[in-house]
2 protein chains.
Amino acid sequence: MTPTINDVAIRAGVSTATVSRYMAGEKIRAEAAVRRAVEELGYRPAMAARSLRSGIHYVVAMVVPDITNPYFASVVKGVESVFRSTPYNIFVCNSDESPETEEQVLLEAMNRVDGIILAPTTEQDDTPLQVLERGLPLVFIDRELSGGDLDSVLVDNVGGARAAVRHLIELGHTDVAIISGPLNTTPGRGRYDGYLMELCNAGIEAPEAYRRVANFRESSGYDAMEQLLALDKPPTAVFCANNLMTMGALKALQANRVAIGDEMSVIGFDDLDMASMLNPPLTVIDRPAVEQGAIAARLLLKSFAHNDAETPAERQRIVLPTHLIERESCRPPRGGALAMKHQTNGS
Amino acid sequence: MTPTINDVAIRAGVSTATVSRYMAGEKIRAEAAVRRAVEELGYRPAMAARSLRSGIHYVVAMVVPDITNPYFASVVKGVESVFRSTPYNIFVCNSDESPETEEQVLLEAMNRVDGIILAPTTEQDDTPLQVLERGLPLVFIDRELSGGDLDSVLVDNVGGARAAVRHLIELGHTDVAIISGPLNTTPGRGRYDGYLMELCNAGIEAPEAYRRVANFRESSGYDAMEQLLALDKPPTAVFCANNLMTMGALKALQANRVAIGDEMSVIGFDDLDMASMLNPPLTVIDRPAVEQGAIAARLLLKSFAHNDAETPAERQRIVLPTHLIERESCRPPRGGALAMKHQTNGS
DNA sequence: GCTGTTTCTGTAATCGTTTACAGTTTTGAT
DNA sequence: ATCAAAACTGTAAACGATTACAGAAACAGC
């Protein structure tokens, strides 16, 4: 049905070897004839045959916990933008924040791709190590393994969280809560630690009930915020450790008629497209998501090149800076306004 | 390096054929031995060889204009959810709203995948037809070709747009503008037509300047809104034909200190995760994005089954309903409030 | 025209599976 | 125990490219 290299060879009156070489861009004598044959037949090499023989698939897998998370969508876009100018295609796989799905996906990917960009669901997984053992280049993005001097592109989670908390403290807050991600993920733990460190640094000891460990999903942010509001003495400010949980928290505040900014200062990790449109506009810690993806892609490409050269590439651990985008959702605390309101309502 | 079927066969003391059959789930006598060999070696079939021989790749391509558009991200998620329980993997490719990139991607995909789910950038492209000619199943999503009695999963664009405009008219608006997508795309033209029809139906003739044809991107929505505001007599309400342009329009309104809802009613096509959090909460026409993806995936799966059975499947054109989510960004017009403000400012 | 060198070409093996075909073993009925 | 049918297995030929290797053609210098 679809033409093979043999069809082209016959039509051009040469051997398949010559056609193959022509396709690879080598200089051949029968160039004109071969080009014509290729065009007339609309020949395109069968990737399966090519991969089988050469061992190269021209595919990289990109494994993310959730493609509908705008952060990961941006990362994917960054990866795409780099690979667009190469012969590589991209598998995008959702692991759905589930280690089992992730393992399945990785094993599946192992013998169809040339490299993997992975945002692991947990730091304790060792499937990625299996992948590396098979000699497959792998670069971690956003998250890494606990062992890890492996290729990875991260952001300064601790620094970002500290900047967030510092911002709140500078506004006068002492009752600062965190809605944290799981502590067995790089960003979960890093942001949690940063929160703790900055508070400690300021000599503030927040009650344990202010530390809600959620799961990076919107619903968990919602629940966590409700629990914070239900406290006898709710915090006056909260740091939400990712975009989805921030959205959940904001919705909870709205549902409970708590004035964002005035009654409860909110700062999120990750900018949102709509952050500036919210009322009040949301103050966030931003990070370069697309850039992060692009860097990871280039790291992988470099890894390919080194594989060819037999010189084992030195591992790179790249940490990008975050920065504070100050909008209006963080304001000085108003002397326990919420706690009083809370008491009134409660009695 | 990685074990082949031959290694397994030797270790289990059988032929490769038997191992192959075991892997395919057939009943074999040496089952125990083969299972052990497979496990001990960690054997996984090389996809390239399998594809070459059997002609099946277990890959489908999903081509979308922009993965960072939450709508398409949701569609991808829907597609994923269906294929997760099958042996198929998904290529996600951005066409970046560019017909050239799309063509390139499609040609590339043709000999590595078993089927394609495509949101074409334009209705006039005929690369998709080439794909179909090669016998590759293809289902259109969100958009179709003008020729088209082909498999496709669409939404009722005309109906949705009409509902949007009707809602505005019912509130008392007569000066209703549209920020439309390109007219050579299915949703662009459909929503534009719906707008026109519903206005016509109500006996309203909106000036041509109220019809801004933009390109589905946020920046174009922003610009279009600015142009509307610069008119001598700006509209009192605007229908934005997709989520990105709605965001752009809202930002333009904010930048120009126009009160959304009070001075300018806004209704968008596609819900946004944050829509309910905006001030005022955004009224939108919603559609089932994840579901749309899932349906497309099932259509493709059905197509595979029919291909096996040699019975050419009859084409399906599925149109899903949209529905109005009424929030607070659409209110009755306030007697040319904006026009007056505009004049005052302008003089 | 001769020779040596460079450049190009063709032959055929190879990658790791699947599968038609023929051959073998098992089963079950007698 | 015998035999036919049923169930399984092995041999070897594909699938469509790439690539050593050896051989042919072109080129250059004399």
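Below, chains carry the letters A, B, ... as their sequence lines are ordered, and counting in each starts from 1.
- Side-chain nitrogen and oxygen atoms of B:Y43 include at least one within less than 4.0 Å of the OP1 or OP2 phosphate oxygen of C:dT17.
- Rounded to a whole Å, the OH atom of B:Y22 is 15 Å from the P atom of D:dC8.
- Separating the CD atom of B:E26 from the C1' atom of D:dA6 is a distance of 15 Å, rounded to the nearest angstrom.
- Nearest-nucleotide assignment on DNA chain D puts the 5′-proximal partner with A:I5, out of A:R21 and A:I5.
- Dashed line: the shortest gap from a side-chain N or O of B:R50 to OP1 or OP2 of C:dT18 is under 4.0 Å.
- Using a 4.0 Å heavy-atom cutoff across all strands shown, A:A17 reaches at least one base atom of the nucleic acid.
- The closest side-chain heavy-atom distance from A:L301 to A:V82 is below 4.5 Å.
- Contact annotation for A:S20: base contact, defined as any heavy-atom pair under 4.0 Å involving a base atom.
- Checked against D:dA17, D:dC15, C:dT18, the side chain of B:L52 finds its nearest nucleotide in D:dC15.
- Between the C1' atom of C:dT17 and the CG atom of A:N111 lies a distance of 12 Å, rounded to the nearest Å.
- Between the CZ atom of B:R112 and the P atom of D:dA17 there is a distance of 14 Å, rounded to whole Å.
- Interatomic distance, OG1 of B:T101 versus CG of B:D96, reported as 6.0 Å (0.5 Å rounding).
- Considering only the side chain of A:V14, C:dG10 comes nearest among C:dT9, C:dG10, C:dA12.
- The CE-P distance, from B:M47 to D:dC15, rounds to 19 Å in whole Å.
- With hydrogens and angles left out, the side chain of B:R53 and the base of C:dT18 share a donor-acceptor pair within 3.5 Å.
- The side chain of B:S15 places an N or O atom within less than 4.0 Å of a non-bridging phosphate oxygen (OP1 or OP2) of D:dG10.
- Side-chain contact check for B:E123 and B:T185: no donor-acceptor pair (N or O, by modelled atom type) lies under 3.5 Å.
- Sequence order on DNA chain D of the closest nucleotides to A:R29 and A:T2 puts A:T2 first from the 5' end.
- In this structure, of C:dC8, C:dT17, C:dT9, it is C:dC8 that holds the atom nearest to the side chain of A:K27.
- Between the CD1 atom of A:I56 and the C1' atom of C:dC15 there is a distance of 13 Å, rounded to whole Å.
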Go through the steps for A:R217 and A:D66 under the test salt bridge (Lys or Arg N to Asp or Glu O under 4.0 Å), then give the verdict. CA-CA 10 Å; A:R217 296 222 177 95; A:D66 180 7; over 6 Å; no

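- Nucleotide C:dG16 holds its C1' atom 10 Å from the CG atom of B:D7, rounded to whole Å.
- At whole-Å resolution of the value, CG in A:N6 and C1' in D:dA17 are 11 Å apart.
- For D:dA17, neither phosphate oxygen OP1 nor OP2 lies less than 4.0 angstrom from any side-chain nitrogen or oxygen of A:S51.
- No side-chain donor-acceptor contact under 3.5 Å links B:E108 and A:Y58.
- Listed candidates were D:dA12, C:dT9, D:dG10. Nearest to the side chain of A:A30 is C:dT9.
- In this structure, a donor-acceptor pair under 3.5 Å is absent between the side chains of A:E97 and A:T121.
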